[in-house]
Enquirer: 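Pasting a structure here, questions to come.
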Amino acid sequence: MNERRKLILRTLGLTPLWRSRSGMSGPLVTDSAESLDSDNAPDIHLPEQPIQPDIQHMDWEQLAETVTHCNACVLRKTCTQTVFGVGDRNADWLYIGEGPGAREDELGEPFVGQAGKLLDNMLAAIHLKRGENVYITNIVKCRPPNNRNPSDSEARQCEPYLSRQIELIKPKLIIALGKVAAQNLLNSGDSIANLRGKIHTYSGIPLIVTYHPAYLLRALPEKAKAWKDLCRARELMQTLT
Ligand code: URA
């Protein structure tokens with residue numbers, strides 16, 4: 001079946017098609033759109049533009065709307081709502097965590113629980129404030145159940161959204177919060193110990209890895225290392241602006 005016919009069917013909400021395997025009285029089975037008798041398909045006028053632009057061409061509103069209605073992975077089945085991101089859409093600083101927790105799932109905003117309070121303090125320590133020249137989002141936009149880590153495939157499904165957010169924001173510096181964010185952004189299996197202390201890049205944008213604030217809440221002695229990371233980030237930003 002050609003692309004035009006597939007688009008017609010999708011536009012009309014007619015996929016997947018259902019047909020009887022053995023005449024009208026037989027059991028109904030799903031079938032691919034390939035089986036449609038193309039000669040009998042209605043002649044429908046198609047709009048010039050695709051129904052929904054590709055993610056990489058979306059503006060903020062289209063992107064946010066698409067994320068809200070995303071069902072690409074199983075996470076949407078158990079979360080309350082999607083958590084898109086928060087802050088200044090022209091920020092120099094982009095902070096990326098792993099995925100919403102219980103409180104974020106409830107309120108629809110990233111980092112609003114205990115870890116979020118610590119993140120706000122970490123921002124304040126380098127004279128930054130949520131929403132002011134700072135944007136905060138996550139690798140996945142839906143809460144993984146029981147606060148488990150997002151799987152590789154869930155992170156992959158969500159990646160185009162994050163990638164478009166980054167293209168739109170054009171941050172000067174990305175801070176990856178914790179192992180899951182760092183490994184996904186850097187496409188690396190390295191430990192956080194190896195990833196910290198270096199300047200990486202994501203699509204040409206400098207990226208610094210630090211500990212996740214939720215981890216710091218459990219491992220207070222590591223706070224000194226996180227402080228070092230923040231100071232390094234601040235110094236780097238000074239060279240970038
Ligand atoms: N942890 C994250 O990684 N992201 C949030 O938004 C909240 C907690």
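When a ligand or atom number is given, it counts from 1 through the structure's own listing order.
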Enquirer: Considering residues at least two apart in sequence or located in another chain, which fulfil the ring pair (Phe, Tyr, Trp, His ring centres under 6.0 Å) criterion with Y202?
Expert: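 Scan of Y202 (ring pair (Phe, Tyr, Trp, His ring centres under 6.0 Å), adjacent residues dropped) gives none.
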
Enquirer: Which of the atoms in ligand 1, numbered in the order shown and given with their element, are less than 4.0 Å from a heavy-atom of G97?
Expert: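 Going through ligand 1 atom by atom, the ones under 4.0 Å from G97 are 3 (O).
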
Enquirer: I'd like to check the ring pair (Phe, Tyr, Trp, His ring centres under 6.0 Å) partners of F111; sequence neighbours left out, ordered by chain and number.
Expert: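 F111: ring pair (Phe, Tyr, Trp, His ring centres under 6.0 Å) contacts with H212.
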
Enquirer: Quick one: look at E98 and ligand 1, take heavy-atom pairs under 4.0 Å, and tell me if it's side chain, backbone, both or neither.
Expert: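 Both backbone and side chain of E98 come within 4.0 Å of ligand 1.
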
Enquirer: Which ligand 1 atoms are under 4.0 Å away from a heavy-atom of P110?
Expert: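 Within the 4.0 Å cut-off of P110, ligand 1 contributes 6 (O).
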
Enquirer: Among all protein non-hydrogen atoms, which one is nearest to atom 5 (C) of ligand 1, and what is the separation to 0.1 Å?
Expert: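 Of the protein heavy atoms, G99 O, 3.4 Å lies nearest.
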
Enquirer: Would you please determine whether R103 falls within less than 4.0 Å of ligand 1 on a heavy-atom basis?
Expert: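 Contact check R103 vs ligand 1: negative.
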
Enquirer: Identify the closest protein heavy atom to atom 4 (N) of ligand 1: which residue and atom is it, and at what distance?
Expert: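 Checked against all protein heavy atoms, atom 4 (N) of ligand 1 sits closest to N138 OD1, 2.8 Å.
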
Enquirer: Tell me whether the rings of W60 and F84 are parallel (<30°), tilted (30 to 60°) or perpendicular (>60°).
Expert: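 Aromatic pair W60/F84 classed perpendicular.
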
Enquirer: Begin from the C-alpha positions of K141 and Q165 and carry the test side chain to side chain donor-acceptor pair (under 3.5 Å) through to its verdict.
Expert: CA-CA 12 Å; K141 312 303 189 208; Q165 284 177 307; 2.7 Å; yes

Enquirer: Please check whether P100 reaches ligand 1 - meaning an N/O of the residue sits under 3.5 Å from an N/O of the ligand, judged on distance alone.
Expert: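 Checking ligand 1 against P100, no N or O pair falls under 3.5 Å apart.
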
Enquirer: If the cut-off is 4.0 Å to any non-hydrogen atom of H212, which atoms of ligand 1 fall inside it?
Expert: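 Checking each atom against H212, I get 1 (N), 2 (C), 3 (O).
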
Enquirer: Would you check if the side chain of D88 reaches a backbone N or O of N90 as a donor-acceptor pair within less than 3.5 Å?
Expert: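 Side chain of D88 to backbone of N90, a donor-acceptor pair under 3.5 Å: yes, one is there.
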
Enquirer: Quick check: do W93 and M237 have side-chain heavy atoms less than 4.5 Å from each other?
Expert: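 A side-chain contact exists here, since the closest heavy-atom pair is under 4.5 Å.
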
